[in-house]
Amino acid sequence: MEDIQNKDNEQQSPEAVVVDDVNSTPAEDQTAEEVVAEGAVEAEDEVAKLKEEVAKEKKEYLFLMAEFDNFRKRTLKEKSELIRNAGESAFKGLLPIVDDFERALKATEDSEDASSVREGMELIYKKLKKYMEQNGVKEMDPEEKDFDADRHEAISAVPVPDENLKGKILDTVEKGYTINDKVLRHAKVVVGQ
């Protein structure tokens, strides 16, 4: 009987061990559930943090877009004002010359002397030329040079007896001008043919 009891004990011992294992499994499952719950909480925290970052980045993006739009509008306004007022400084410089012409016209009403009128006009002409040169406008001198279609406009061609004068500028009907080395007005010329 003792043998039978020992066998029963041996049999109970494995069952007891199995029961102990079964009892320990729910405890481990609880720990796993807690780990999953903690992971879910951490994931929710991470998602909330990422949502905050996205909201912050979106707000900054919208701010930058608004700032750029304001910059674009301000630049367009400045450009339109610049274009509208571009001639202001040019005309402002011409006003003293217009004043000189008015004074000269008033002075010639009573004057019989043509030489004094001419002298006054020459002074005004020199003043105007000086103003133009100060602003980068220069006169072209095309006389006795080769015809250049980029700088000159041929209004007529005249037959020439000398072969050396063919393709050369013989006469200037209207002077040409450049501004900062760019053609402002083409010179109207007569070319030898």
Side-chain angles (χ1 to χ4, degrees), residues 54-193:
V54 167
K56 179 182 175 188
E57 294 295 328
K58 185 176 179 181
K59 185 177 180 180
E60 287 179 5
Y61 171 74
L62 291 174
F63 176 76
L64 286 174
M65 286 300 292
E67 189 174 324
F68 178 74
D69 190 44
N70 290 339
F71 168 77
R72 185 179 54 79
K73 288 177 184 176
R74 185 174 57 248
T75 303
L76 285 173
K77 183 181 177 185
E78 288 172 357
K79 282 183 182 179
S80 68
E81 285 180 15
L82 182 65
I83 290 169
R84 191 171 354 118
N85 298 326
E88 181 181 342
S89 64
F91 287 114
K92 194 173 187 179
L94 288 174
L95 290 178
I97 297 167
V98 171
D99 293 339
D100 288 347
F101 268 118
E102 289 173 351
R103 283 191 289 274
L105 287 172
K106 191 177 262 188
T108 58
E109 287 176 357
D110 300 330
S111 177
E112 299 287 328
D113 186 17
S115 63
S116 65
V117 172
R118 180 172 175 80
E119 187 179 319
M121 290 183 70
E122 284 178 359
L123 288 172
I124 296 169
Y125 176 74
K126 287 178 185 175
K127 190 173 189 178
L128 179 60
K129 294 278 286 186
K130 182 179 177 185
Y131 172 75
M132 288 171 49
E133 287 175 5
Q134 288 173 346
N135 287 289
V137 177
K138 294 180 183 171
E139 185 180 304
M140 285 191 260
D141 184 24
E143 293 290 322
E144 297 182 10
K145 292 187 179 177
D146 290 332
F147 177 76
D148 180 5
D150 292 333
R151 300 174 64 84
H152 309 116
E153 180 182 338
I155 58 169
S156 69
V158 177
V160 290
D162 189 4
E163 290 291 319
N164 292 336
L165 294 176
K166 284 190 177 182
K168 301 269 186 191
I169 297 170
L170 301 176
D171 188 26
T172 303
V173 177
E174 190 174 84
K175 291 180 183 178
Y177 291 91
T178 60
I179 183 165
N180 301 322
D181 297 326
K182 180 184 172 200
V183 176
L184 183 62
R185 182 176 79 182
H186 292 83
K188 294 183 181 180
V189 295
V190 176
V191 182
Q193 185 179 27

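The closest side-chain heavy-atom distance from V189 to E153 is not below 4.5 Å. Taking 4.5 Å as the limit, some side-chain heavy atom of D146 sits within range of a side-chain heavy atom of K168. Within the 4.5 Å cutoff, no side-chain heavy atoms of I169 are placed close to those of V190. Between L170 and V191 there is no side-chain heavy-atom pair separated by less than 4.5 Å.
Annotation: salt bridge (Lys or Arg N to Asp or Glu O under 4.0 Å) contacts involving residues 179-188, sequence neighbours excluded, comprise E174-R185, E174-K188. Residue pairs meeting the side-chain hydrogen bond (donor to acceptor under 3.5 Å, both in side chains) criterion with at least one partner in residues 121-136, sequence neighbours excluded, are D100-K127, R118-E122, K129-E139.
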Decide side-chain contact (heavy atoms from CB on, under 4.5 Å) for M140 and K175; before the verdict, give the C-alpha distance in whole Å, the side-chain angles of both, and the deciding distance to 0.1 Å.
CA-CA 7 Å; M140 285 191 260; K175 291 180 183 178; over 6 Å; no
For side-chain contact (heavy atoms from CB on, under 4.5 Å), just list the numbers for T178 and R151, CA-CA rounded to whole Å, side-chain angles, deciding distance to a tenth of an Å, and then say yes or no.
CA-CA 9 Å; T178 60; R151 300 174 64 84; 4.0 Å; yes
Trace of the side-chain contact (heavy atoms from CB on, under 4.5 Å) decision for N180 with K138
CA-CA 8 Å; N180 301 322; K138 294 180 183 171; over 6 Å; no
Could you walk me through whether D171 and V158 pass the side-chain contact (heavy atoms from CB on, under 4.5 Å) test, one step at a time?
CA-CA 10 Å; D171 188 26; V158 177; over 6 Å; no
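E81 pairs by the side-chain hydrogen bond (donor to acceptor under 3.5 Å, both in side chains) definition with nothing, not counting sequence neighbours. Applying the side-chain hydrogen bond (donor to acceptor under 3.5 Å, both in side chains) test to S115 and every residue at least two apart in sequence or in another chain returns D113. The side-chain hydrogen bond (donor to acceptor under 3.5 Å, both in side chains) check on N164 picks up nothing, with sequence neighbours excluded.
Side chain of H186 to backbone of G176: no donor-acceptor contact under 3.5 angstrom is found.
Separation of atoms CG (L82) and OG1 (T75) is listed at 12.0 Å; rounding is to 0.5 Å. For the atom pair NE2 of H152 and OG1 of T172, the computed distance is 7.5 Å after rounding to the nearest 0.5 Å. Separation of atoms CG (N70) and CD (E67) is listed at 8.0 Å; rounding is to 0.5 Å. With values rounded to the nearest 0.5 angstrom, Q193 atom CD is found 13.0 Å from L165 atom CG.
Of the charged side-chain nitrogens involved, none lies within less than 4.0 Å of a carboxylate oxygen, so that R103 and D99 do not count as a salt-bridged pair.
A104 approaches I124 most closely through the heavy-atom pair CB-CD1, 3.9 Å.
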List, one per line, each side-chain donor-acceptor pair under 3.5 Å for residues 56-65, sequence neighbours excluded.
none

